[in-house]
Protein chains: 2
Amino acid sequence: MKNTFTYKTTLLLALISYSLFSYSQDIYQSKRVSWLEKAETNKPTLIVTEKKPVQQVNMVKDADAFQGWKAVRSAPIQDLYKESFKAKKTAIIDFGEHITGTFSFSVGILQNTPDAPLRFKLTFGEVPAEIMTPFDPFPEGSLSRAWLQDEIMTVMTLPATVTIPRRLSFRYVKIELLAHSSYDFNISDMKCDAVTSAATTPAPLLSTTPQIFKDIDRVGLNTLKECMQTVYEDGPKRDQRLWLGDLYLEALANYQSFKQNNLTKRCMYLLAALSQPEGWLHGTVFEVPEPHPQSGQKLLDYSFLFTSSLKDYLEATNDRETAEDLWPVAKKQIDIVKKYVQENGLMDFEQANREWWIFFDWKDNFHREVPLQGISIFALRETYELAKLLNREKEVAELPALIKKMTKAAQKNYYNPKTGFYTGLLNDQVSYASQVWMVLGGVPSKEQAQKALKALPTTENACYPGGPYMYHYYVQALINSDLPEEARNVVENYWGGMLKKGADTFWEVYDPNDEFRSPYNFYPMNSYCHAWSCTPVYFIRKYPEIFQK
Amino acid sequence: MKNTFTYKTTLLLALISYSLFSYSQDIYQSKRVSWLEKAETNKPTLIVTEKKPVQQVNMVKDADAFQGWKAVRSAPIQDLYKESFKAKKTAIIDFGEHITGTFSFSVGILQNTPDAPLRFKLTFGEVPAEIMTPFDPFPEGSLSRAWLQDEIMTVMTLPATVTIPRRLSFRYVKIELLAHSSYDFNISDMKCDAVTSAATTPAPLLSTTPQIFKDIDRVGLNTLKECMQTVYEDGPKRDQRLWLGDLYLEALANYQSFKQNNLTKRCMYLLAALSQPEGWLHGTVFEVPEPHPQSGQKLLDYSFLFTSSLKDYLEATNDRETAEDLWPVAKKQIDIVKKYVQENGLMDFEQANREWWIFFDWKDNFHREVPLQGISIFALRETYELAKLLNREKEVAELPALIKKMTKAAQKNYYNPKTGFYTGLLNDQVSYASQVWMVLGGVPSKEQAQKALKALPTTENACYPGGPYMYHYYVQALINSDLPEEARNVVENYWGGMLKKGADTFWEVYDPNDEFRSPYNFYPMNSYCHAWSCTPVYFIRKYPEIFQK
C-alpha cells in the first residue's frame, strides 16, 4: 500500500514535472514526495450515516420565501411508500436537513408482473427553488451544466434498488416518472449514506448566548461539517474540492468547534506538495484520480492566506515540526509582494492584475487596487509573526521596513482625510473591501478605522460585499477595530438573514438585495452549502463576549 | 451453491403458490423444484467478446433507404479519438455489426485541468432511423419508453471510463455532449463486451447455394446468435426474455446450425417449472431476479407449441428422459382443445377469445377463427406423434377420433369450394393465416392446399402476414404442400427484402408495403433483431434441395 502510494506519487510528480516544470527549476523537488505522503497519512476517515427522509412536501410559490419557493409538508413519507407511483408519477421528498452522500431508493412490485423497464428523473436540491427551476434551456456563460444535480435512471428489472452513482448534496429530492408499462409499482426506502469527516461534537455555547446566535452557530457548524470531507471542500455540491481561501476560513472555524486539526494539516501539505515549481501555490487542488493541481492557476490573494493558515495551525496545535516543514512555502509567497511593490511602496495593481487572478469577492464592478495593497501588507505582517514564532526573523529581516514603507504609502496615496475612506488611484470607488483590507493590513489608526467602517453603511453607492467570504473579513475588521456591536450586528443581520430565509447551511453567495444573484449567470448553479460562509462559528466561539446580547 | 439455489427455488415456489395458486390445486407440485433445477443446470455460459467500432458515420436522409435514413462513412474511428470532443460535440459510431452487450468508452484530458463534470447523452440503435428519430414527445399507446436505448451519463472526474449499466443491443451509437466546462477533452476506446451463448460454428452451406441464400442464412444466424443468451430471448433489445413461440422457432433453427440443444432443454424446463397450477403454460417467463412467469398470462396458440418443441427436441437429441419428464405438460395443453371444442367439431372461437390471448401474428383487422381451428388440430396431431415416440398412445387414445372430427368440421364449415379458400363463419376474410393453419393442421388435400396457397398472392385484399413470425408458418405450409419454388420465393423476397434494405439481423416486424409499421405505435420501439425471424436458417439447411436455384 505504502509502496503503491509512493509509486503513484512518483509517477504523478514525474507527470507534473513534465507538463508544468519542463522549463523551470522545481524549488521544492526534494520535498514533494514527503509532503504528499504526509497529506495522505492525515487523510481522515469518512463517517457514513444512513439518513432517511422525514416527509413529503409540495413546493409552493411564495413571494416572501427565498427565491420565491417554499417547501410545505404534504404527507408523511410512509404514504408515498405505500401508494402506486405509476399513478402518482411525481413526488418531492424532504430529508429535513442538508446532507451529502450516496442516494438510493427501492422500486417494488404492486400489481402484475413487470414486463418492461422504468425510467425516472431525480433532481436534488439544496434549496427549494433548485428543485423547481427548469435547468434547460441552460443559460450561456455559466459553469458546466453537469454540476446541476439531475440524473436520469433506467431500471431494467424489478424489484430493484437504484443507487445514483455520483455523490449528491441536497435536502430535497424530486422524483419524476418518465416511462412505465402497465404493471403497478411503488417506490420506497429512500435513503442517503451521508458522509463527512467531522467526527467530534463541538462544545455547547454559553447558555446565556441569545437564541439567534445559537441558531447561526448551529447552521454554521452544519455548513462546516458538510464541507469537511477528505479535504476541506469549498462546497459539497460544487466545486467539491480544496480551495486555499476556503481552507483558511474552515480551519479557523474548526479550531473553535470540531478541533480536527489533522484535516488542516493534510490540506496544507496537499497544497504545498502540488505547488508550482517556482514556489507559488495553486488556488485549488484535486484529490482524484490522483492528487493534482488546477494547472497554471495563479490566485493572488489566496496565495497570501497560506502563511496565516500555517501560523493559526501552529498556534492551535503547537505542531512545530509541520510549521518548520512548510515554512519555506509560506515565506516564498511574499516574493509576490516583492515582485510587484514599486519604489513608492504601492503594489503595481495593473501589472499584478494582468498576471494573476485577484479575487477577494464575487462582485461585479468592484475595484481591487486598495484591497491588494491591504492584503499584501497583511501577508508581510503574518509572515513576520510566523517567523517570530519559529525564531526565524533573521530570514525575513527585511520585512519590518517593507511593511512600514507600504503602510505609509497606502496611507499617503489611498486615504482621503476629507471622506475618511480609502480609495484607489485608478478608481475612486468607496468599497467595504478597501476599508476592510486596509484595517486588516494595519494601515489606519483605530480612529481612522472606526470612522471609515462606521461610515460605510450610510454611504450611498458604497460597494458592499458580494458574499459571505468578504463579509467574514468585514466582521474581522470590525472586531479588530474595536467595534464589537457592529460586528455582532453584521453576523446577526447577514447570516441571520439567511437563517430567516430558511438556510439549513450557509450559502456561497447571498445578497440581501437580490436573492437571485449568481456569479455563474444561473442561480441554481450557486452552492448553498459553502465553506467560506461557516465563520460565524469562529466569531461566536472565539469572541463569546461579543455575542451575549 | 446448490443449496442456495434450492433454497431460493423453494422460496420462489412458495411465493408463486401463495400469489397464484392459493385457491387451486397445483398439478405439478411434486415436479417444479426438480424442473427448475434442471433449467438451472442447463444454463449456458455467456461468451464475452470485445467488439470495437469500425468507423464514424453520418446518417443521411435517403428516401430509398430503410425508414428514410442511411449510414454513410464519414471518418475513421481513430480520428474521433484524437480530436477535441468539446469542439466536435456529437458523433455517430458504427460497430459494423449488430451486437448485444455492455458498452463503455473513455474520456481523456486534452488541455487544462478538468474542473467540472461532463454530461453525455448516448443513443443506441439497431438501425439508422432509430438513431435519428426523436424519442420525445413519446407517442401514447406504445410500450414503456424506457425500452428505447438512450441514456444520460454524468462524468464527475477525468480521466474516466464510462460504462452504461444496462445491456444494450445495437450497431450504431450516437454520442452527444450535453454539458462541459472550459477544459478540453477527447473520447476514446469505445467498445462493447458483446455476449451470446452461441458457442459453435455452424456448418457451411453447400457451395452451390446461391449467394442470396448464403446471405439470408448469414443474417439469420446472426439473428439467432444475438437472441441466444441464457435463454432464447425474443429480442435482445426488447423484450429480452423467453417467449414460448420464439423458443419453438429458435430451437428449429438451432438444430440446423449451432446445435446447442441444452438451451432448448433449459427453456422448456423453465416454462414447465413456471407453468400455472392448472397446468397451462405461460407465454413468457423471466429469469431475473429469480425465475418467474408473466403472472396470469394465457397465450393460447403459444401453449400449443410446447408439444412440438418437445417432440422436435426428442427427435434431434434422443433425450428420452427429458421427453418423459415433460410429457405431462405437453399432454396437458390439449385440454385447451377439449375445453373449447364444440359438438360440431369446431373450436368455440368467441369463448376462447374472451378467455385467452389468441395471437398468431401482429396484424390489425385479422380474424383468427380459422387459424385457431387449424392450430388446435395441429396440436392434437403433434401430441399424438409425441405419444407414439414415447409409446404412450394409450394415454391419448381419444385423439385420432377427435382429430378426424375436427378436421372434418373444418373442411365442412370453413372450406369454400367455389373460391378454394378457407374462411370463417364469423367473418369471411381471406387470410394467409387461415390457409396456412388449415394446411399445417392437415385439413385440406394436397390439391386443395396448393390451390389455396397459390391463389393467395393474386387475391385482392387477402390479409397477408404482418411479420416474420407468420411468414415462417407460410413457408412451412408451402413446403408441406409440395410447393418448393413458392417457398423459396417467399424466403428470397421477404427475408431477402430485409437484406436489401440493410438488415444486419432480421426484424420483429416487416411489412414490405410499410417500413414504419409498428404494433407499438412507434417504429423505434420495434425490435430489429428478433428471434422469430431467424428461421430461414432452418429452411435453407433443412431443405437444401429447395434453395439451390
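What you see below is based on every heavy atom in this structure, not just the backbone, and it leaves out hydrogens, waters and symmetry mates. Chain letters run A, B, ... following the sequence lines, proteins first, then strands; residues in each count from 1.
- Taking chain A as the reference chain and counting heavy-atom pairs below 4.5 Å, the highest number among B:T284, B:D115, B:L143 is found for B:D115.
- For chain B, the nearby part of A:Q240 is the side chain; its heavy atoms alone come within less than 4.5 Å.
- At a threshold of 4.5 Å between non-hydrogen side-chain atoms, the residues A:R119 and B:D150 count as touching.
- Looking at A:I152, the atoms closer than 4.5 Å to chain B (heavy atoms on both sides) sit in the backbone and in the side chain alike.
- Each of A:S182, A:P114, A:A146, A:S142 has some count of heavy-atom pairs under 4.5 Å with chain B, and the biggest count is that of A:A146.
- Both the backbone and the side chain of A:S181 come within less than 4.5 Å of a heavy atom in chain B.
- With respect to chain A, the highest number of heavy-atom pairs below 4.5 Å among B:T157, B:T154, B:L158, B:D136 belongs to B:T154.
- A heavy-atom distance below 4.5 Å is not found between the side chains of B:R145 and A:L178.
- Taking A:Q297, A:Q294, A:R238 one by one and counting their heavy-atom pairs under 4.5 Å with chain B, the maximum is reached by A:Q294.
- Put simply, the side chain of A:T113 gets close to the backbone of B:S295: a donor and an acceptor are under 3.5 Å apart.
- For A:R241, the part sitting under 4.5 Å from any heavy atom of chain B is the side chain, from C-beta outward, and nothing else.
- Counting heavy-atom pairs under 4.5 Å between each of A:S144, A:A116, A:A179 and chain B puts A:S144 at the top.
- Ranked by heavy-atom pairs under 4.5 Å with chain A, the list B:P165, B:P117, B:A160 is led by B:P117.
- Around CD of A:E355, the count of heavy atoms belonging to other residues, nucleotides or ligands within 6.0 Å exceeds 12.
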